[in-house]
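In what follows, chains carry the letters A, B, and so on, assigned in the order in which the sequence lines appear, proteins first and then strands, with residues in each chain numbered from 1.
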2 protein chains.
Amino acid sequence: MSNAYNRPDQLSPELRKRVLDTARRLGYPGPDPVARSLRTRKAGAVGLLLTENLSYAFRDPAAIQFLEGLALACEDAGHGLLLIPASPEREDVASVHRAGVDGFVVYSVPDDDPHLAAVLERPVPVVICDQPRIDQLDWVGPDDEGAVRVLAEHLIGLGHRRIGVSCMRLARGRNDGVASVHRQANASFHVQRSRLTALAAAFSEAGVDWAQVPVVERFDHSTESGASAAAQLLEIDPEITAIICTSDILALGALEEARRRGVRVPDDLTITGFDGIDDAERVGLTTVRQPVLEKGRAAGRLLLDTSEPGRPRDVLLETQLMTGTTAAPPRSAEERWFGP
Amino acid sequence: MSNAYNRPDQLSPELRKRVLDTARRLGYPGPDPVARSLRTRKAGAVGLLLTENLSYAFRDPAAIQFLEGLALACEDAGHGLLLIPASPEREDVASVHRAGVDGFVVYSVPDDDPHLAAVLERPVPVVICDQPRIDQLDWVGPDDEGAVRVLAEHLIGLGHRRIGVSCMRLARGRNDGVASVHRQANASFHVQRSRLTALAAAFSEAGVDWAQVPVVERFDHSTESGASAAAQLLEIDPEITAIICTSDILALGALEEARRRGVRVPDDLTITGFDGIDDAERVGLTTVRQPVLEKGRAAGRLLLDTSEPGRPRDVLLETQLMTGTTAAPPRSAEERWFGP
DNA sequence: GTGAAAGCGCTAACAA
DNA sequence: TTGTTAGCGCTTTCAC
């Protein structure tokens, strides 16, 4: 009987048909997938853990592209993709415990995320995307430090010394405002930490006192946040010549704010992003492009690749500086006040 | 022991802690979710069946919004969302059989989809979104016929009589070209069928011979398809004054094609869409808006709503005619050839 | 508060 | 080729 369903080649077609017909007539709904999973120790699904509300994943263009890549890899392997409900608000970890999956992909969560801890307790393979970095675990992501350094040197080359930084949340607790150097260094989001560290290093080398550079943090990742962060930066120091944003979304918000204020980009103000989403390209944002879809696909492949040629494995993705039209040499103070 | 994990209130905290500590020390990874599912007959997850490749779901704005709504509902109920790999190419239904879920949401699949048949065999609740309509099954969707009729009457009111139609795939088999009246009536995608039927009815009442109206079908749902469909329509009958598209994506493609040809919209040609995605609103497309996010949320709620006040239930969503800037009265032939 | 035992539905191994 | 059986790991029930 089991054979009739699972190994059509092990018995004659006619017998198979007879068995199946009889089964259906008796109201047998087919093998129970859960019981089968228990027996075979395979769920045929991959779990995805995000640090945000599930619905957020469908609002952030970078997250969507990541999902697409991951879905592609799962589909190739005939696996399902289980989105695990793990809002940052509720500490409830049960959803991780309940997930019937063969492994987890963890996408960009903070070091101290309780859901991550729950995932790590499960006896299944785990692949981390972006953050955090954990020993002995497969990892996929871009070289954030290197990419940011290239961007920073581009801006330094243009002549920028007085800058402001707009960044995404640095820890699980909400803090919409200035992030002290201490908070920057202790950020529990590894990616944000490296980007800020790389910026600090590059600009320090160029003679900038990093402690004087305003870094403004926003909890929600949205263009509104980007706009208000830009506004705050311009208030703190109206003399800054560039706003460096750690994501394109924040940068797009900054562009909006600049337009609103009549500040010309890049003439009066340089604005840069990070990620390389479609909208960024459309408006010609100067940014760093990372292959987000590839990231998702690589994560899926890594997890589902059964031939294990020595774990842990790292996949470092190529990034590319996109010199758009939102970065230019700063104008001198006189130029800014009295025109060119 | 089971109690320690599942019913913290049934035993003293200290005992609970001791049990859990000992368990961890012995290397016990926590209760196996699959075995638990087998026993409790609950998977804590909802399956989603689409008719497209999984990755497609992350490219179509309407699908993304639907997913967001569905994810929202799942999250509220603490359920996971399992995306089931069911490409239209492979007839392989095993992924449906393997899915450990408490129910399925079926999103816009054709009447004769084999994966749908597999879903219906599973002894779990099913909610259908958009299509097909199946007796005794919960359903969520807009009033396609009504909405299209309002749109058609709008165009008829403007004076359009010589029109062309650009529509999405009508059956599982690829057919990029003209769709005969017969093919229209036999479309296995219920939604496309109703929209075409409603158009035919409205325009027939206005004195148009529907058999003479060119209806062009495209298998792939993309702006490129929309553009080529528009091109084909204009080739078949250069005198048409309006192109009605059964989706915004197709309409956006048609707009591109018009721009490429120097055909002015709406002066020389009226173009309409369906769905009301963000991009459509941005460019001012005349279209029908349906609450896509709400559709996803309603589907999830319907499936997860345990209090069953009499199934099957239908949720009919409100639609709204968006009179944008891409529809206007047709110009007479002379005007079109010799200018206003 | 604790322990023992049945059984969820399946698959794989083995026996006939 | 077909039939039988053990046991996957859990929860629930019931006896202690």
Side-chain angles (χ1 to χ4, degrees), chain A residues 1-45 47 78-80 82 93-104 118-119 121-125 306, chain B residues 1-45 47 78-80 82 92-104 118-119 121-125:
Chain A
M1 158 93 172
S2 179
N3 282 340
Y5 280 95
N6 302 323
R7 245 159 324 211
D9 48 314
Q10 295 288 305
L11 35 65
S12 62
E14 60 174 68
L15 171 63
R16 177 175 144 86
K17 186 174 177 340
R18 219 183 56 218
V19 172
L20 261 44
D21 282 355
T22 312
R24 179 157 319 173
R25 190 155 36 72
L26 262 43
Y28 175 70
D32 180 308
V34 176
R36 170 187 286 170
S37 278
L38 175 60
R39 183 61 235 247
T40 61
R41 321 257 50 192
K42 283 180 177 18
H79 274 61
L82 180 66
V93 175
S95 54
V96 172
H97 288 143
R98 292 208 308 173
V101 296
D102 298 318
F104 289 91
V119 162
E121 281 180 0
R122 294 274 307 261
V124 293
T306 45
Chain B
M1 157 93 170
S2 179
N3 282 341
Y5 281 95
N6 302 323
R7 243 158 328 205
D9 48 312
Q10 293 289 307
L11 35 65
S12 64
E14 60 174 67
L15 172 62
R16 177 176 145 85
K17 185 176 179 335
R18 217 182 60 217
V19 172
L20 262 41
D21 283 353
T22 312
R24 180 157 319 173
R25 190 155 37 72
L26 264 41
Y28 177 70
D32 179 308
V34 176
R36 169 186 286 169
S37 279
L38 175 60
R39 184 59 234 247
T40 60
R41 319 258 51 185
K42 282 182 177 21
H79 274 60
L82 179 66
D92 178 22
V93 175
S95 53
V96 172
H97 288 143
R98 295 208 307 173
V101 297
D102 297 320
F104 288 91
V119 162
E121 282 180 0
R122 295 271 310 259
V124 293

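Within the helix from dG1(C)-dC16(D) to dA16(C)-dT1(D), the inter-axis angle between the opening and closing five-pair segments is 40°, rounded to 10°.
For the residue pair Gly100(A) and Leu82(A), the shortest heavy atom distance occurs at N-CD2, 4.5 Å. Between Ala118(B) and His97(B), the shortest heavy-atom contact is CB-NE2, 4.2 Å. Minimum interatomic distance between Ala43(B) and Asp102(B) (heavy atoms only, all atoms of both residues): N-OD1, 2.6 Å. Residues Gly44(B) and Arg98(A) come closest through the heavy atom pair CA-NH2, 3.4 Å.
Residues that satisfy the side-chain hydrogen bond (donor to acceptor under 3.5 Å, both in side chains) test with Arg36(A), not counting sequence neighbours, are Asn6(A). Listed by chain and residue number, nothing satisfies the side-chain hydrogen bond (donor to acceptor under 3.5 Å, both in side chains) test with Asp92(B) (two or more places apart in sequence, or in another chain). Partners of Arg122(A) under the side chain to side chain contact (heavy atoms under 4.5 Å, CB included) rule, at least two apart in sequence or in another chain, are Ala99(A), Val101(A), Phe104(A), Val124(A), Pro33(B).
Not one side-chain nitrogen or oxygen of Arg41(A) sits closer than 4.0 Å to the OP1 or OP2 atom of dT11(C). Between Tyr5(B) and dG9(D), a side-chain N or O to OP1/OP2 separation shorter than 4.0 Å is absent.
Atoms CG (Leu38(B)) and C1' (dG7(D)) sit 12 Å apart, rounded to a whole Å. Lys42(B) places its NZ atom 19 Å from the C1' atom of dG9(D), with the value rounded to the nearest Å. Between the OH atom of Tyr28(B) and the P atom of dC8(D) there is a distance of 13 Å, rounded to whole Å. Between the CZ atom of Arg36(B) and the P atom of dG9(C) there is a distance of 18 Å, rounded to whole Å. The interatomic distance linking Arg122(A) (CZ) with dC10(D) (P) rounds to 11 Å, in whole Å. Between His97(B) atom NE2 and dT11(C) atom P the separation is 12 Å, expressed in whole Å.
With a 4.5 Å cut-off on side-chain heavy atoms, Asp32(B) and Arg41(A) count as touching.
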Atom pairs and distances, side-chain donor-acceptor, residues 20-27 of chain B, under 3.5 Å, sequence neighbours left out:
| residue | atom | partner | partner atom | Å |
| --- | --- | --- | --- | --- |
| Asp21(B) | OD2 | Lys17(B) | NZ | 2.7 |
| Thr22(B) | OG1 | Arg18(B) | O | 2.7 |
| Arg24(B) | NH2 | Glu121(A) | OE2 | 3.4 |

Can you check each nucleotide of nucleotides 1-6 of chain C against protein heavy atoms at under 4.0 Å and return B for base, S for sugar-phosphate only, - for none, in 5' to 3' order?
SS---B
